[in-house]
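Per chain, numbering begins at 1; letters A, B, ... match sequence-line order.
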There are 2 protein chains.
Amino acid sequence: MTGIVQTKRLLSYRMALLRLKKMGLKKAYSHTLSEETGVSAVLIRKDFSQCGIRGKRRGGYDVDYLLDELKKLFGREKEQNVVLVGLGNIGSALIKYEGYRQSNMNLVAAFDIDPAKRTRRYSVPVYSLENLREVADAFDVSVAILAVPEFSAQETAHYMVENGIRGILNFAPVLLKLPGHVLVNNINIMVEMERLMYHIGIREK
Amino acid sequence: MTGIVQTKRLLSYRMALLRLKKMGLKKAYSHTLSEETGVSAVLIRKDFSQCGIRGKRRGGYDVDYLLDELKKLFGREKEQNVVLVGLGNIGSALIKYEGYRQSNMNLVAAFDIDPAKRTRRYSVPVYSLENLREVADAFDVSVAILAVPEFSAQETAHYMVENGIRGILNFAPVLLKLPGHVLVNNINIMVEMERLMYHIGIREK
DNA sequence: TAGATTGTTAATCGATTAACAATC
DNA sequence: TAGATTGTTAATCGATTAACAATC
């Protein structure tokens, strides 16, 4: 029912709704959400309709109701624990990030091979990767952020999967070759940057 | 000719090819590239064909030739200068990043409202945003990375556009409302994380 | 009743794959 | 000639939009 692209949209509706709610709005029209998310109003209505979310023919959608329904779809009941592997530039940014709770996630630990990185400087403990299994078992962790250098990404990912990880948000610019039961979501910042510059270049011509 | 999704693929072929070349390979088959990128071999051949890139019917594609052709497509002749706005978690990661050169980009300056952040600690200077116009003019900058907090993203982006920026890589989780001539590429790390967790959750059922 | 909105069905569009032809 | 590969055309699939019906 929910394709990968639709999932992304529904999540962006949720973000926009949280913003609108904070601003005090009680009702949202497909048109309003369209302005906030950049998705066409028809598509928004269709998405909601397909998920069994109903509005009022004249009065739009109730913000709280929408958020509830989206929570039913996405809201993992219990908070989900995650870990972070690699404390380079990106890893250091993500260990300091404070907004996991907002998405009902909880960063419980980070890992780095460099002992110098394993300080108490951060709000979560930093271990050697050898301790992954232990942490994963203790905190029921199945999802990890991978932010190690390109050259060690494959090997590290493999080790992670061997020790209980089933989902990886991968910042390394390589395709990870992993067993079929493992889900990987890739973020490649430099490719996004190049894409932007390419399309700017095209416009100039 | 090149849609937005195809652009992303072509860039990923390029990355894979650079890797293969580093490993000493001279020839690449669509099949090889498929393994490296996760894109189907047919689609790879079709992409190349549409871009006028030819292989040998039996001998695959020549790696150097492929890279040359891709460079012709994406390689901006002169190095492109970019700036970074916002030195929070993500911003600090990106100012330390060393790989811009590899994509023929050059980070020339960063900006932050907090004077405490405007130190000489980094390899590029950090200014107040007031100096953006000056820097943009001097270094012919039209593309910027935006890594400020959500609440100030819209205002900051607007100011940037008023001062010569025409392309933004946006890490703030909001849809920026900007004039039509401005291109925005959004990266929303938490949405990607939630998407991953959602699809993991689905598998469990 | 008129107007504004949601909801749905059919049409369109674009991206991907299947099937096969070409050729080294 | 047989086999492996590229290259192309047609078929399929999925996502989006257009048109319109329903209703508050």
Side-chain angles (χ1 to χ4, degrees), chain A residues 1-13 16-17 20 25-70 73 175 186 191 195 198-199 202, chain B residues 1-13 16-17 20 25-70 73 175 186 191 195 198-199 202:
Chain A
M1 174 179 120
T2 34
I4 194 147
V5 46
Q6 201 193 14
T7 308
K8 209 164 168 174
R9 281 203 304 270
L10 289 166
L11 284 166
S12 83
Y13 304 157
L17 284 163
L20 291 173
L25 268 76
K26 301 258 178 268
K27 293 278 169 194
Y29 303 106
S30 57
H31 175 76
T32 324
L33 276 172
S34 175
E35 282 203 349
E36 289 300 311
T37 59
V39 179
S40 78
V42 218
L43 191 45
I44 291 176
R45 292 201 296 277
K46 181 149 209 183
D47 281 341
F48 284 158
S49 160
Q50 277 185 341
C51 296
I53 298 177
R54 266 51 236 312
K56 296 224 175 69
R57 289 272 179 176
R58 180 67 194 292
Y61 300 87
D62 182 87
V63 172
D64 283 324
Y65 164 72
L66 275 182
L67 283 169
D68 273 3
E69 292 296 313
L70 289 171
L73 277 172
L175 183 80
N186 297 293
V191 161
R195 218 174 85 192
Y198 173 69
H199 288 285
I202 287 208
Chain B
M1 174 180 122
T2 34
I4 193 148
V5 45
Q6 201 192 16
T7 308
K8 209 164 169 175
R9 280 204 305 272
L10 289 165
L11 285 165
S12 83
Y13 303 157
L17 284 162
L20 293 172
L25 267 76
K26 301 256 176 275
K27 293 278 170 195
Y29 303 106
S30 55
H31 175 76
T32 324
L33 275 172
S34 174
E35 282 203 348
E36 290 300 311
T37 59
V39 179
S40 78
V42 217
L43 190 46
I44 290 175
R45 291 200 297 275
K46 181 150 208 181
D47 280 341
F48 285 157
S49 161
Q50 277 184 341
C51 297
I53 299 177
R54 266 53 237 311
K56 297 224 174 71
R57 290 271 178 176
R58 179 69 196 290
Y61 300 86
D62 184 87
V63 171
D64 282 324
Y65 164 72
L66 275 182
L67 282 169
D68 272 3
E69 291 297 313
L70 289 172
L73 277 173
L175 183 80
N186 296 293
V191 161
R195 217 174 87 192
Y198 173 70
H199 287 287
I202 287 210

Sugar-phosphate only, base, or nothing, as touched by B:F48 at under 4.0 Å among non-hydrogen atoms: nothing

Dot-bracket line, read 5' to 3' along DNA chain D, where crossing pairs take [ ] and | marks a partner on another strand, Watson-Crick or G-U under 3.5 Å: ..||||||||||||||||||||||

Between protein and nucleotides 19-24 of chain C, what N or O pairs are separated by less than 3.5 Å?
{"residue": "C:dA22", "atom": "N3", "partner": "B:R57", "partner atom": "NH1", "Å": "3.0"}

Roughly, in whole Å, what's the span from CD in A:Q50 to P in C:dT6? 16 Å

Quick one: A:Q6 CD to D:dT17 P, roughly how many Å, whole number? 14 Å

Tell me which nucleotide among D:dT16, D:dT6, C:dG7 gets nearest to the side chain of A:K46. D:dT16

OP1 or OP2 of D:dT8 versus the side-chain N and O atoms of B:S49: is any pair under 4.0 Å? yes

Nearest heavy-atom contact between B:Y13 and B:V39 is OH-CG1, 3.5 Å

Can you measure B:K8 atom NZ to C:dT16 atom P for me and round it to whole angstrom units? 12 Å

pair A:L70-A:L10: side-chain heavy atoms closer than 4.5 Å: yes

Among B:L66, B:T37, B:L25, B:D64, which residue meets the side-chain contact (heavy atoms from CB on, under 4.5 Å) test with B:L17? B:L66

For a 4.5 angstrom cut-off between non-hydrogen side-chain atoms, does B:D62 reach B:K27? yes

Can you tell me the distance, in whole Å, between the CD atom of B:E35 and the C1' atom of D:dT5? 16 Å

Is the phosphate of C:dG7 approached by A:Y29 (side-chain N or O, under 4.0 Å from OP1 or OP2)? no

Spacing of CD belonging to A:E35 relative to CG belonging to A:L20, to within rounding of 0.5 Å: 10.0 Å

List the atom of A:Y61, the atom of A:I53, and the distance in Å for their closest heavy-atom pair. CE2-O, 4.4 Å

A:Y65 side chain to A:R54 main-chain N or O, any donor-acceptor pair under 3.5 Å? yes

Which atom names give the shortest non-hydrogen contact between A:S30 and A:I44, and what distance separates them? O-CD1, 3.7 Å

Whole angstrom is fine here: how far is it from CG in A:L66 over to C1' in C:dT6? 12 Å

Taking atom C1' of D:dT8 as reference, at what distance in whole Å does atom CD1 of B:I53 sit? 17 Å

Heavy-atom nearest nucleotide on DNA chain C for B:L43 versus A:H31: which residue maps closer to 5'? A:H31

When every non-hydrogen atom of B:K8 is compared with those of A:V191, the smallest separation belongs to CG-CG1, 4.1 Å

Between P of C:dT5 and CG of A:D62, the distance in whole Å: 16 Å

Whole angstrom value for the distance that separates C1' of C:dT6 from CG of A:D47: 14 Å

Which sits closer to the 5' end of DNA chain C, A:G59 or A:R54, going by the nucleotide each is nearest to? A:G59

